[in-house]
Amino acid sequence: MTNREVAKTLDYIADILQIKDDNPFKVKAYRQAANSIYHLDEDIHYLYDKGRLGDIHGVGQAIQSKIEELVEKGSCEYYENLLEEVPRGVLDMLSIPGIGHKTVKIVYEKLGVRNLEELLHAAQEHRVRTLPGMGGKNEYAIIKGIEMLKQNSDKNTLGIVLPMAEKLLAYLMGCDQVKNASLAGSIRRGKPLVSDIDILVAAEDESGVRSKVTNYREVKQVANSEVGHIEGTLEFDIPFEVIIVSIAEYYPALLWTTGSREHLKHLLNGRDRDFIKDCGNESEVYERFHLDYIPPELREDKGEIEAATQGSLPQLIDLGDIQGDLHVHSTWSDGASKIKEMAEMARSLNYSYLAITDHSRSLPISGGLNEERLKSQGEEIDQINGLGEDIKILKGTEVDILKDGSLDFGSEVLRDLDIVVGSIHSHFKLDKEKQTERVVRAIKDEDVDIIGHLSGRLLNRRPAYELDFDQILEEAAKNRVILEINSHPDRLDIDADLARRARDYDIKIAINSDAHHKNDLKLIKYGILNARRGWLEKKDIINTWTLDEINAYIR
DNA sequence: GCCGTTTTCGGCCCGACTGTTTTCAGTCG
């Protein structure tokens, strides 16, 4: 079992306990342990071997014994017994927006509904509204919610799939039989939602590669597939396909397998595939078409071929260009790491600045700061900066944009801060006009530097709220307000298309991690992919600049 | 079920909104 699978299992245990109405602190304990394991730097098997499972924060005697069983046998008795009481299909219902553990409990117990499909029928047959506390609107929300889940069910976020793909790729690269290998398909193009993992391999000994894949620890199953293809599934039932070609065929095949279909069709323009059959690398492939090399993230037939013809492709931003992060949380609000730990991680990433932007007071569950605590936090930051480390910690806030577009702190508080990120965390369902008005008011506020996760979308979970983006882009440009690309793989907000439109308005972008744990600072790589898909260059991204340049821009 | 720079036992656990109601339970950030 991988770290993520162990974490997921502990989360399922917490869900079942919650549905069973068990001690809420016990539930919390399982969730805390799951979260720690999710963020672990080391492989859980390694910690198990070293006898260090107990060192993990939130893991005591009881949970440790369950983890040991999971690592040894791939399952544990306690969990299996809980599943006898509450089956897996019941837990899937928790993904429906507006449906929580209490609702799941009564539909399971009173209606005997055991999975999403049965729940859908129950709602359609108006059986849900017969339950206490349930009515027509709940039924409608259930039907809509299940429809949304079905639409997304064949795709997963890059945050789940990319680490698995990179691990499998590294494993394959380490095999003697494999002469070259690369990610391919939509995952190589950095699409935020992908349906499977495609990996292209150059090898002469196909059966050797096949046996290596079959022996890979994280492979769940391998199907009987045709020559040149190995198909199967990894953890969480993510499908993968390893495509095997000869060394001579590798680079042309890399083009075909990376796609997209639209890009290839436009590129070939009726020509035969043999046109590029002997190319020795991808640049050579494009050269043959008299084009500049087109990076995978741009291969969507959105003008890249025209630009490559004219030599006007953008110089895309790279991870190494990033000089700092302007939106992270700490233990002062809902973050899991201390400011110092965040700073250390930022230093290890070679950043020269890091803005601590904890939540403001209106978000009590997240431990939002009032003026007084914000001031104390500022003192701690002064102290850390006084240590003379080669990184500057900036004082900031992620200030709530309230329902009417006013801010959760007054100007007397905000003007003393280095960075102010304004974000929406409530009233997602305002109509388009009201929601737009709300954001525009925040943009016009001279204390706001950055608008965080503008559209509020959560991939596979929640659609963006209603906004008039033309109006917002116009106002952002006029007021020199920076828009964020939130790098969390569930958000990637603003998306690539909107980022590209923002660039046309000469709006600057901040690629932020929104980290709630020191390890989450590394999520910035997803934001980079998103920015590359939005054709963004270094000059567009404010946190590729020095601190002086940023200050000159936002003052 | 976990944890401890007040504690090895007693804490952990906020508040607005929604949809169902008729005074409130459930969800969510």
Side-chain angles (χ1 to χ4, degrees), chain A residues 10-11 13-37 53-67 76 78-79 82 93-110 123 126 128-142 144-145 329 331-336 338 340 358-370 373 380 398-404 408 423-430 434 452-453 456-458 461-463 465 486 488 490-491 493 514 516:
Chain A
L10 296 176
D11 250 332
I13 291 176
D15 280 335
I16 297 176
L17 293 175
Q18 210 172 340
I19 290 169
K20 279 162 49 76
D21 231 352
D22 209 315
N23 177 3
F25 302 111
K26 188 169 160 185
V27 172
K28 203 183 153 203
Y30 275 94
R31 296 221 190 273
Q32 168 63 50
N35 190 43
S36 291
I37 290 164
L53 288 176
D55 295 351
I56 302 168
H57 183 77
V59 175
Q61 287 256 305
I63 295 184
Q64 179 176 337
S65 75
K66 274 137 206 155
I67 298 173
C76 86
Y78 180 63
Y79 176 52
L82 286 174
M93 299 178 201
L94 294 168
S95 312
I96 304 168
I99 301 302
H101 298 84
K102 300 279 182 186
T103 309
V104 163
K105 181 184 168 78
I106 64 160
V107 297
Y108 174 53
E109 286 178 355
K110 304 275 186 206
H126 300 316
V128 172
R129 67 178 66 182
T130 62
L131 298 169
M134 302 296 283
K137 284 199 177 178
N138 297 109
E139 277 179 347
Y140 182 73
I142 286 171
K144 281 286 148 205
H329 298 268
T331 47
W332 281 82
S333 69
D334 58 352
K338 294 178 179 153
K340 250 188 124 177
D358 275 307
H359 290 288
S360 60
R361 57 189 167 190
S362 279
L363 225 53
I365 182 59
S366 65
L369 274 58
N370 56 23
R373 289 187 65 225
E380 184 180 320
E398 182 180 15
V399 65
D400 238 43
I401 301 173
L402 305 176
K403 190 177 179 183
D404 64 354
D408 202 15
S423 305
I424 283 178
H425 293 105
S426 60
H427 300 99
F428 302 137
K429 289 179 181 166
L430 296 184
K434 285 244 168 56
H453 47 72
R457 75 165 177 185
L458 292 175
R461 276 191 287 159
R462 185 175 78 200
Y465 17 85
N486 190 296
H488 196 290
D490 288 348
R491 291 193 183 269
D493 180 15
D514 195 1
H516 285 70

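Numbers restart at 1 for each chain; the letters A, B, ... are given by sequence-line order, proteins then strands. In this text, all values refer to a predicted model and were calculated from it rather than measured experimentally.
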query = Between A/Gln61 and A/Ser65, is a side-chain hydrogen bond (donor to acceptor under 3.5 Å, both in side chains) present by the stated rule, with each step listed?
reply = CA-CA 6 Å; A/Gln61 287 256 305; A/Ser65 75; over 6 Å; no
inquiry  = side-chain hydrogen bond (donor to acceptor under 3.5 Å, both in side chains) for A/His101 and A/Asp15? Distances and angles first, verdict last.
reply    = CA-CA 7 Å; A/His101 298 84; A/Asp15 280 335; 3.0 Å; yes
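Between B/dG10 and B/dG15, the two P atoms lie 26 Å apart (nearest whole Å). As rounded to the nearest Å, B/dA25 and B/dT20 have C1' atoms that lie 9 Å from one another. Taking the P atom of each, B/dC17 and B/dC12 are spaced 26 Å apart, rounded to whole Å. Atom name C1', nucleotides B/dC2 and B/dT8: the rounded distance is 12 Å, in whole Å. Taking the C1' atom of each, B/dC9 and B/dC14 are spaced 25 Å apart, rounded to whole Å. Between B/dT5 and B/dG1, the two P atoms lie 24 Å apart (nearest whole Å). With P as the reference atom, B/dG11 and B/dA16 are 25 Å apart, rounded to whole Å. Rounded to whole Å, the separation between the P atoms of B/dC13 and B/dG4 comes to 14 Å.
Residue-level contact check: A/Gln61 touches the backbone only, with heavy atoms under 4.0 Å from sugar-phosphate atoms and none from bases. Residue A/Pro97 is classed as a sugar-phosphate contact, given heavy-atom separations below 4.0 Å to backbone atoms only. A/His359 comes within contact range of no nucleotide atom at all, as no heavy-atom separation falls under 4.0 Å. Contact annotation for A/Gly456: no contact, since no heavy-atom pair falls under 4.0 Å across all strands. Backbone-only engagement by A/Asn138 is indicated by non-hydrogen atom pairs under 4.0 Å involving sugar-phosphate atoms exclusively. Counting non-hydrogen atoms under 4.0 angstrom, A/Arg462 reaches the backbone sugars and phosphates but no base. A/Val27 comes within 4.0 angstrom of no nucleic acid atom, judged by non-hydrogen atoms across all strands.
Residues from residues 423-430 of chain A that place a heavy atom under 4.0 Å from any atom of DNA chain B, listed by number: A/His425, A/His427, A/Phe428.
The aromatic ring centroids of A/His488 and A/His453 lie 6.0 Å or more from each other.
Within the structure, every side-chain polar atom (N or O) of A/Lys102 is placed at least 4.0 Å from both OP1 and OP2 of B/dA25. The side chain of A/Lys28 contributes an N or O atom lying less than 4.0 Å from OP1 or OP2 of B/dC13.
For A/Lys105 and B/dA25, the NZ to P distance is 16 Å, given to the nearest whole Å. Atom CG in A/Leu402 sits roughly 16 Å away from atom P in B/dG15 (whole-Å rounding). Summarising the geometry, the separation between CG on A/Leu94 and P on B/dG29 is reported as 14 Å, rounded to the nearest angstrom.
B/dG4: Watson-Crick or G-U partner is B/dC9, with both key distances under 3.5 Å.
Nearer the 5' end of DNA chain B, as judged by each residue's closest nucleotide, is the contact made by A/Lys66, out of A/Lys66 and A/Gly135.
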